[in-house]
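Proteins get letters first, then strands, A, B, ... in listed order; numbering begins at 1 in each.
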There are 2 protein chains.
Amino acid sequence: MPLKHGLLGLLKYKSETGYNLDKSFKYSLGFFWKAQTSQIYRELNKMEKDGWLDSEMIIQVGKPNKKQYAITDAGQEELNRWLHNHESMEWITLRSEFLMKLFLSGDKSLEENIEYLKQYRDTCKVLMKGMEQAGAIIEEQAVALNDKESAFYWELTADYGFDHYTMCLNWATKTIKKLEDKINEKNN
Amino acid sequence: MPLKHGLLGLLKYKSETGYNLDKSFKYSLGFFWKAQTSQIYRELNKMEKDGWLDSEMIIQVGKPNKKQYAITDAGQEELNRWLHNHESMEWITLRSEFLMKLFLSGDKSLEENIEYLKQYRDTCKVLMKGMEQAGAIIEEQAVALNDKESAFYWELTADYGFDHYTMCLNWATKTIKKLEDKINEKNN
DNA sequence: TGGGTCATGTAACCTGTTACATGATTAG
DNA sequence: CTAATCATGTAACAGGTTACATGACCCA
């Protein structure tokens, strides 16, 4: 259950409200694990019931009250257990509706498939550019939280993201060429 | 709901039983979408209720009876709708427990993280080798089903798989070097 | 006066995972 | 005799998605 452990990981740095956790999550772990706001609230609830978190109500004036979560000893233990024990399935990451559709696209026209791949390629380009800028954001955070050691690992994951989208872009480019060649063959 | 559409896609080639669909799925679409056997049976049930499939009981002697599914016109329509309409989220494929763990590994020793990355690297190597052989299997299937046009797209997805695992392998190799350099720096 | 931010969620539904159950046939 | 293959699932639970609800404050 990686979402829970991701939240534990964030709470280890600093106690936080669900609202803020949701935002931090989206700008950090969210790059390789998506979660809805409502799901985060639900998981926090469950984790408190299971004794991984404590919460404290903070009364505010002029603003809605907020509920701040802190990690407990049991939560720390659980986080460490997860960090140090690896299960066989966590490596396998390929899960793609895009590839599934392409696999089943033999009946579509070459032109339509080229269009599809071009959309994919453009999306990859945007995501790759985003990853290029991740380095600067990580630097900022490293200074703000004064944790250079962690930031080193954040950068490694950002590198992965960059390499990933670069690979996708290259694959898409060469694949589009293959389809275009097929059209040319037909016309000659 | 890509699993349903994947099953529709397989049933378009040939009517099949849940048992056989489960096996075909695991050797084709399963490379980029995992599904449990029990889930496949459940989805087939739902799809029949929704009118996307018809089923026929085939009585056998000496073997359990089997239930053969065939795609209906409504199912065909739904498959085409899915194939031709693209939604923004289907591109974003990155979802990785491995990266999440690495992101949160700042408190672990360099040695332990190197060990973790080496395990990852070795897994990637195995999966990459598997993708190299996919070409031959696809060729076989293309002949068996006499559908060269579809096989072309199957190969494109296998190429993606190969490129993906190659990229992961390269990233892991360079990342392990980075960590090893860090250890050497400390010792000097 | 309308939209954004702050801050919380609930309810319903869909999808994915795990564990279990049955029972015959066939190959080693 | 044992394990694999054939062939079907159910039940319970966990995790993910979508839609909806509330209400004040601040800025343009």
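In this entry the distance linking CG of B:Leu21 with P of D:dG9 reads 12 Å, nearest Å. Straight-line distance from the NZ atom of A:Lys67 to the C1' atom of C:dC6: 17 Å, rounded to whole Å. Rounded to a whole Å, the OH atom of B:Tyr41 is 20 Å from the C1' atom of D:dA12. Atom NZ of A:Lys26 and atom C1' of C:dA7 are 14 Å apart (whole Å). B:Glu90 places its CD atom 20 Å from the P atom of D:dG16, with the value rounded to the nearest Å. Look at CD1 on B:Ile59: it is 16 Å from C1' on D:dC6, rounded to the nearest Å. Here D:dA14 presents its P atom at 17 Å from CG of A:Leu44, a figure rounded to the nearest Å. Between the CD atom of B:Gln68 and the P atom of D:dA7 there is a distance of 11 Å, rounded to whole Å.
Remark: B:Lys182 is positioned above the aromatic ring of A:Phe152, its terminal NZ or CZ atom under 6.0 angstrom from the ring centre and at most 45 degrees off the axis.
Across all strands shown, A:Lys46 has no heavy atoms under 4.0 Å from either base or sugar-phosphate atoms.
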- Task: Let me see the working for A:Lys177 and A:Asp181 under salt bridge (charged side-chain N to carboxylate O under 4.0 Å, His left out), right down to the final yes or no.
- Result: CA-CA 6 Å; A:Lys177 264 197 207 106; A:Asp181 287 350; over 6 Å; no
- Take A:Trp91 and B:Tyr116 through the test ring pair (Phe, Tyr, Trp, His ring centres under 6.0 Å) and record every step on the way to the result. CA-CA 11 Å; A:Trp91 317 103; B:Tyr116 185 47; 5.4 Å; yes
- Task: Please test A:His5 against A:Trp52 for ring pair (Phe, Tyr, Trp, His ring centres under 6.0 Å), starting from the C-alpha separation and ending with a verdict.
- Result: CA-CA 10 Å; A:His5 295 90; A:Trp52 298 1; 5.8 Å; yes
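Looking at the side chain of A:Gln39, the nearest of the listed nucleotides D:dG15, C:dT15, D:dT8 is D:dG15. Among the nucleotides D:dG16, C:dT17, D:dT17, the one closest to any side-chain atom of B:Ser38 is C:dT17. When distances are taken from the side chain of A:Arg95 to each of D:dC6, C:dG16, C:dG9, the shortest belongs to C:dG16.
Residues B:Arg42 and A:Met1 both approach DNA chain D. Their nearest nucleotides, taken by heavy-atom distance, put B:Arg42 toward the 5′ side.
Annotation: side chain of A:Phe32 is not in contact with side chain of A:Thr93 (no heavy-atom distance under 4.5 Å).
Using a 4.0 Å cut-off, no side-chain N or O of A:Gln36 falls inside it from OP1 or OP2 of D:dG16. For B:Lys4 and C:dC14, the shortest distance from a side-chain N or O to OP1 or OP2 is not below 4.0 Å. The shortest distance between the side-chain N/O atoms of A:Tyr19 and the OP1/OP2 oxygens of C:dT8 is not below 4.0 Å.
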